[in-house]
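Taking it in order: structure first as structure tokens, then the write-up.
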Amino acid sequence: MFRYRDPRVMLGRIVIACLTAGFAVPGAATAATTLMPGVTYERDIQFTSHGPVVMHVLTAPRPGGLYDLRPEVSNGIIPGLERVTSIERRISPQATVAGVSGDEQTSGLNLRGGVLGSRPLSGQSSIGIDASGNLHVERVAFFATWAGTGARHPGIALNQLPTTNGITLYTPIWGAATPAGIGTVEAVLPSFPAVASNVDLSGAVSEVRAGGGTAIPPAGAVLVARGTAAQSLTAEVPAGSRVTVRMLLGSGWSQFPNGMGGGPLLVKAGRPIFRAGEQFSIDQLALRQGRCAVGQRADGSIVLVTVDGGQPGYSAGMTNLELAQALARLRAVTAAGLSIGNSAAMAFEGTLLSRPSGARGERAVADALLVSYAGVQVTQPDGMVSSPNGDGFADTQPLAYKVVRPSTVTAELVGPGRAIQYASGTSRLPGTYRFSFPGEGFPPPTEGLWRWVVTAVDDAGRTSKAERSFVVNNTLGYLQLDQAIVPRRGRLAIGFKLSRAARVTAAIERPTGILARTLLSSVQEPAGDVALAWDGRTGRRQAASPGRYRVRITASNELGRVDLTRDFIVSSG
């Protein structure tokens, strides 16, 4: 028999919940969430005299081994624009990725795998990652020469719009063809080495033609000259001749595998920098707005930060100095700024973690700085609690793992008492592999803590391991409502079952999580059927406004906490 509890008797006091997506306790921070092995994420909320500020912090190991930190250009080409979430989804088959947005337009160094895609800007810092995984933030000198049949000429640009009297080398990272133009001379190099720094790069010229829009050979390059440079190119680079190009990065950056444009310098030797003296406008530095940054701690770990901004009442954003101070508080010894304003975003595996301030949401950018992980990744279970009791709520727990290289994989389900309840070992090609717990033929699982543990050895001999935990708890089940649409000032009957005694909380709330009425507040209930009723009124005894609502039942005992929800509608009738 159901036991009825009158909310007018059980309600000791009304609690109005204010924890919504746009409001939180001053100084509150979410517990760190593991996104992938070794990589965590947390969301910090601070109340300041300027309003709340929301900061997203991603922490990753020192680059090396299974981990990498590198820029990714939009759509794989320098002139393009693409959202960070789209960039990550494109990269995801090759690695598990998380990161932040870079520039709105490519305007500085691009260095990936030792291949130079664009030159650094002299008036702004560049961000480099050396072969030992150390982060460098410096102004980097650049010098380049070219030579045909004559002497070497200084001054050649790389993958940028051609200047009036200049010469530019275009490689496949620019795109399919050179820029359209009038009065240009172009030398096609069908075969040309990848642009590494501080080495002579040479290729034979197949043809010299006038005009722009020349197709860039997939394994080659095109030299484009205008004005006085066009005269030199025509005279010294005839078809059949060879061209030699040399591009040099200063400060030892020739040996760095990865780098990108950025700035300004935010933290040096652990101290925030007030004025780095770089070529950024007052608005870029002094306005409170959304911002991204990268830093490195003394132990080598990487910190990526995105501050939401431009959203009064949710997050006011930070000035450049406030961001520098935040990075120093996060124990960064070196740090640099990245994107600002509406472009600032952080994402994981193609899903936003931050809340960009643009009217249309996430904005397309020229590049992103991503942490990538090449080991086995175990996806987060749909819920931390599974209750396989046959009521249709969380009866099964979807489990999955992902490998990005051919690997030998061992997957185990470890039950309470650390007993291995299921194990399999097999060879896997790159991809995501899904399972359902408990699977067909699996005996009823023991209640308690379970661990999904996956170990992989890839074709390079590297071992990686990932795991996720969840709880099997059948305490609460069979939540039922007597109707899906409740007339205004109507009555809603609610029923559920307890398989064992528990402290029960029952509430009516909006889908946003705002509390409308507490029906039970941590009341100890024995095992059995429980019935409740809601009279259609809020905690202030007013008739609930029409719209969508949710019943939430929470049961807590020695096994932990279980939540069940059911949605319904309050009609205007």
Side-chain angles (χ1 to χ4, degrees), residues 31-41 66 96 349 373 375-403 407-428 431-458 463-479 496-505 524-528 552-565:
T33 299
T34 299
L35 300 180
M36 47 185 143
V39 178
T40 61
Y41 161 78
L66 294 169
T96 302
E349 286 284 87
Y373 168 68
V376 64
Q377 163 70 351
V378 175
T379 56
Q380 180 70 43
D382 279 359
M384 292 305 296
V385 178
S386 178
S387 56
N389 53 14
D391 69 349
F393 291 93
D395 281 335
T396 60
Q397 179 69 262
L399 302 173
Y401 65 80
K402 166 186 165 184
V403 290
S407 304
T408 300
V409 180
T410 300
E412 298 176 334
L413 269 171
V414 182
R418 300 184 179 181
I420 297 177
Q421 303 291 330
Y422 166 86
S424 72
T426 187
S427 296
R428 295 292 195 186
T432 299
Y433 298 87
R434 306 183 188 280
F435 302 86
S436 183
F437 169 83
E440 186 176 349
F442 198 96
T446 304
E447 290 181 287
L449 180 66
W450 286 72
R451 292 164 53 231
W452 172 236
V453 184
V454 183
T455 304
V457 181
D458 66 21
T463 300
S464 58
K465 182 178 180 179
E467 67 175 81
R468 297 287 187 183
S469 298
F470 61 95
V471 174
V472 174
N473 186 346
N474 290 320
T475 297
L476 176 63
Y478 298 91
L479 174 59
F496 57 91
K497 293 184 179 182
L498 297 173
S499 66
R500 61 171 54 81
R503 293 185 307 279
V504 177
T505 297
Q524 185 70 27
E525 293 280 355
R552 181 180 297 278
I553 309 296
T554 302
S556 303
N557 54 23
E558 68 279 3
L559 286 175
R561 168 176 160 164
V562 187
D563 282 302
L564 284 181
T565 62

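Two residues are said to be in side-chain contact when any heavy atoms from C-beta on lie closer than 4.5 Å; Y433 and V409 fail this criterion. In this structure, T408 and S427 have side chains that are in contact, with non-hydrogen atoms separated by less than 4.5 Å.
Under a 3.5 Å cut-off, the side chain of D395 and the backbone N or O of N389 do form a donor-acceptor pair. Using modelled atom types, one side-chain atom of E447 and one backbone atom of N474 make a donor-acceptor pair closer than 3.5 Å. Formation of a donor-acceptor pair under 3.5 Å by the D391 side chain with backbone atoms of Y478 is found in this model. Checking side-chain atoms of Q377 against main-chain N and O of L35 turns up a donor-acceptor pair under 3.5 Å.
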Exercise. Given F437 and W452, is the ring-ring contact (aromatic ring centres under 6.0 Å, His included) satisfied, shown in steps?
Worked result: CA-CA 10 Å; F437 169 83; W452 172 236; 9.0 Å; no

Exercise. What do the steps show when you test N557 against N473 for side-chain contact (heavy atoms from CB on, under 4.5 Å), and what is the final call?
Worked result: CA-CA 10 Å; N557 54 23; N473 186 346; 4.2 Å; yes

Problem set entry | Audit row: K465, V453, side-chain contact (heavy atoms from CB on, under 4.5 Å) steps and yes/no | CA-CA 7 Å; K465 182 178 180 179; V453 184; 3.4 Å; yes

Problem set entry | Step-by-step side-chain hydrogen bond (donor to acceptor under 3.5 Å, both in side chains) determination, D563 to T554 | CA-CA 5 Å; D563 282 302; T554 302; 2.4 Å; yes

Exercise. Checking side-chain contact (heavy atoms from CB on, under 4.5 Å) for the pair T446/Q421: CA distance, chi angles, key distance, verdict?
Worked result: CA-CA 10 Å; T446 304; Q421 303 291 330; 5.6 Å; no

Problem set entry | Test side-chain contact (heavy atoms from CB on, under 4.5 Å) applied to V39 and T96, step by step | CA-CA 11 Å; V39 178; T96 302; over 6 Å; no

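In plain terms, the two heavy atoms of M36 and T34 that are nearest each other are O-CG2, 3.3 Å. Closest approach of R451 to S469, counting heavy atoms only: CG-OG, 3.6 Å. For E412 against I420, the heavy-atom pair with the smallest separation is OE2-CD1, 3.7 Å. When all heavy atoms are compared, the tightest approach of W450 to P416 is NE1-CD, 3.4 Å. F393 approaches T565 most closely through the heavy-atom pair CE2-O, 3.6 Å. A pairwise comparison of heavy atoms in S464 and Y373 identifies CB-OH, 3.4 Å as the closest pair.
Atom CG of L559 is separated from atom CG of L476 by 12.5 Å, given to the nearest 0.5 angstrom. Rounding to the nearest 0.5 Å places CG of L399 at 8.5 Å from CZ of F435. Here the straight-line distance linking atom CZ of R500 with atom CD of E525 works out to 15.5 Å at 0.5 Å rounding. With values rounded to the nearest 0.5 angstrom, L498 atom CG is found 12.5 Å from R503 atom CZ.
The side-chain contact (heavy atoms from CB on, under 4.5 Å) test with T463 singles out one residue from V376, D458, V457, L66, and that residue is V457. For the side-chain contact (heavy atoms from CB on, under 4.5 Å) test with Q397, the passing option among P438, S386, P445 is S386; the others fail.
Dense packing is recorded around CZ of R552, with more than 12 heavy atoms of other residues, nucleotides or ligands lying under 6.0 Å away.
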